[in-house]
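Computed from heavy atoms alone, side chains included, the values below leave out hydrogens, waters and symmetry copies.
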2 protein chains.
Amino acid sequence: MTNKTQRSERRADALSKDKIVEAAIAILDTDGEAALTFRALAARLSTGSGAIYWHVADKSDLLMAATDAIISRVMANVVVADGPANSIRAIALGVFDAIDTHPWVGAQLAGEPWQAAMGQILERIGRQLQALGVPQHAQFNAASSLLNFILGVAGQNAAAARLKGRVTDRSAFLASVAAQWTQRDPSEYPFVRQVAAQLLDHDDRQQFLAGIDLILAGIGTLR
Amino acid sequence: MTNKTQRSERRADALSKDKIVEAAIAILDTDGEAALTFRALAARLSTGSGAIYWHVADKSDLLMAATDAIISRVMANVVVADGPANSIRAIALGVFDAIDTHPWVGAQLAGEPWQAAMGQILERIGRQLQALGVPQHAQFNAASSLLNFILGVAGQNAAAARLKGRVTDRSAFLASVAAQWTQRDPSEYPFVRQVAAQLLDHDDRQQFLAGIDLILAGIGTLR
DNA sequence: ACATGAATGGAACGGCGTTCCAAATACACA
DNA sequence: TGTGTATTTGGAACGCCGTTCCATTCATGT
């Protein structure tokens, strides 16, 4: 009996959704979000765009599959131990580091709803919240708060990465940002000016973790 | 003395960045993000695309100006009173409602870094954190946590709005989302399945406020 | 051997953001 | 008031995109 799963290969390098997704990830990682076009993909796979569409519904489908693949790997490697709170920190940092390595993942997570990748993150976070003893009625809210914070950071990091390369002098760039923010009237932006001074030597990853801790502290008050 | 600001009008309906932004907002609100093209904009303004580029650097510049205009109006109307915590709730809800009314603002906030609109939100939140007595060294982290949470929700709401219209039956859609999330193996997604049941009759706005309260509670532990 | 349907690859389509440029208009000054 | 210069306009043109279409190739069951 020959079922569909064990069909012999059409060619040695036959096309498949997995191969296409793998190639897409390579392009995205190497040359950035804008470089992923069906033409570039077809060239890399030595085929035509029509053949790709046989395996993939459209570009959004492709990007969601690529994002899901990355998040799956991250979730498989995250070590959950040392108590639920630290497990949540580990999960969140896993996502953060993945976004740092693959900025396009951040853009995709932040801009596409109800993705498979989101389901994975939500599940992992939710289980740790249960282990943390969060009352059932508050679990959904707590999980979605953590998730939305992560998605917010994801979008900003992806956007910031899009700017890198175009910007050579970091401090000059940050100064121009501050200038733009206080453009209307510097005296109207005391807090932004205070923060702008800290912007130069702040660590995105550490600030991300501080945010997670803040939400965890809030969750701690629920009991 | 004739300076640049008081030049006589070229025509009664002369082009200006403000007029262009206003027209862009009208298109975005009426027909959605995808409908904003320079051709559509030129048609609405009875001009050519080249003329628009005289006043606006590119599409990103236009979208940032439109977003800034909406956020400025929101911030002008937000009533700050009843204590710093409630003021933060009011600011956050103001942004949430703006995103609900103009989903494209959500996409723009979530996907573009260092926008003028972000500076405005950050300033307003930061001042209330100072009023709340948050230690100075923690103010930046607290403000960025609130902001990133808001941006995360913004991105998801914008993405969800993009799906509306295409989706007629809400409950059938949510069921298919849950099915997709648990696709790998339903038994591996106990939390997601539990949450999926609550998805049908949950209120996005209320959940957003719960998230803000959670972070505020966490900030409360800093003192 | 042959019919069938899966899979391929490349041409073609319509639309996008952006650039270019000749024409039209407003302004400074003689 | 007339004229030269700078600003502003509007539409054609460019290159690239996602997607569709379709003739062709190939593995397979009968």
Side-chain angles (χ1 to χ4, degrees), chain A residues 1-24 27-28 31-67 104 107-108 111-112 162 166, chain B residues 1-24 27-28 31-67 104 107-108 111-112 162 166:
Chain A
M1 140 179 151
T2 51
N3 61 25
K4 286 194 174 178
T5 60
Q6 54 186 170
R7 301 190 39 223
S8 67
E9 308 274 305
R10 178 187 183 85
R11 295 174 4 199
D13 60 340
L15 231 45
S16 69
K17 184 155 183 176
D18 280 352
K19 280 223 170 69
I20 294 170
V21 167
E22 186 192 354
I27 292 175
L28 288 164
D31 303 321
E33 242 175 307
L36 180 67
T37 68
F38 277 82
R39 284 167 178 78
L41 199 51
R44 174 178 264 265
L45 293 165
S46 307
T47 181
S49 31
I52 295 173
Y53 273 92
W54 180 260
H55 299 275
V56 153
D58 53 21
K59 193 171 184 182
S60 165
D61 179 32
L62 175 59
L63 281 167
M64 279 167 65
T67 304
W104 53 272
Q108 191 60 20
E112 206 72 30
R162 228 176 288 138
R166 245 177 294 173
Chain B
M1 143 179 150
T2 53
N3 63 24
K4 285 195 176 180
T5 58
Q6 54 184 169
R7 302 185 40 219
S8 68
E9 308 274 302
R10 178 187 184 84
R11 295 171 4 197
D13 60 341
L15 231 45
S16 69
K17 185 155 183 176
D18 279 352
K19 280 224 170 69
I20 293 170
V21 167
E22 184 191 357
I27 292 176
L28 288 164
D31 302 322
E33 239 174 309
L36 180 66
T37 69
F38 278 80
R39 284 166 177 80
L41 200 51
R44 173 177 265 264
L45 292 165
S46 308
T47 181
S49 31
I52 295 173
Y53 273 91
W54 181 260
H55 300 273
V56 152
D58 52 22
K59 194 171 183 181
S60 165
D61 178 32
L62 175 59
L63 280 167
M64 280 166 70
T67 304
W104 54 272
Q108 191 61 20
E112 208 72 31
R162 228 176 287 137
R166 245 177 295 175

Atom [atom1] of [X] and atom [atom2] of [N]: how far apart are they, to the nearest Å?
X	N	atom1	atom2	value
A:R44	C:dG9	CZ	P	16 Å
A:I20	D:dT19	CD1	C1'	15 Å
B:I52	C:dC16	CD1	C1'	14 Å
A:F38	C:dG9	CZ	P	15 Å
A:L15	C:dT8	CG	C1'	8 Å
A:L45	C:dG9	CG	P	10 Å
A:D61	D:dG18	CG	P	14 Å
B:E33	C:dG17	CD	C1'	16 Å

Heavy-atom closest contact ([X] atom, [Y] atom, distance):
X	Y	value
A:L45	A:A23	CD2-CB, 3.8 Å
B:G48	B:A42	C-CB, 3.8 Å
A:G111	B:R162	O-NH1, 3.1 Å
A:E33	A:L28	CA-CD2, 3.8 Å
B:L41	B:A24	CD1-N, 3.7 Å

Return a single string for nucleotides 11-16 of chain D, one symbol per nucleotide in 5' to 3' order, where B is base contact, S is sugar-phosphate-only contact and - is none, cutoff 4.0 angstrom on heavy atoms.
BBB---
If you assign each of B:S16 and A:Y53 to its closest nucleotide in DNA chain D, which residue comes earlier from the 5' end?
B:S16
Nearest heavy atom decides the nucleotide; on that basis, is A:A35 or A:A57 closer to the 5' end of DNA chain D?
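Residue closer to the 5' terminus by nearest nucleotide: A:A35.
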So, is A:H55 close to the C:dA6 phosphate, meaning a side-chain N or O under 4.0 Å from OP1 or OP2?
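Looking at the OP1 and OP2 atoms of C:dA6, neither is under 4.0 Å from any side-chain N or O of A:H55.
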Can you tell me if the side-chain N/O atoms of A:W54 get under 4.0 Å from OP1 or OP2 in C:dT8?
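Checking C:dT8 against A:W54, no side-chain N or O comes under 4.0 Å of OP1 or OP2.
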Base, sugar-phosphate alone, or nothing: which one does A:L41 contact when heavy atoms must sit under 4.0 Å apart?
nothing
Considering every strand and a 4.0 Å limit on heavy-atom distances, what is the contact class for B:L62: base, sugar-phosphate, or nothing?
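No contact.
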B:E112 meets the salt bridge (Lys or Arg N to Asp or Glu O under 4.0 Å) criterion, sequence neighbours left out, with none
Could you tell me which residues satisfy side-chain contact (heavy atoms from CB on, under 4.5 Å) with B:D61, sequence neighbours excluded, listed by chain and number?
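In terms of side-chain contact (heavy atoms from CB on, under 4.5 Å), with neighbours along the sequence ignored, B:D61 is linked to B:K17, B:V56, B:A57, B:D58.
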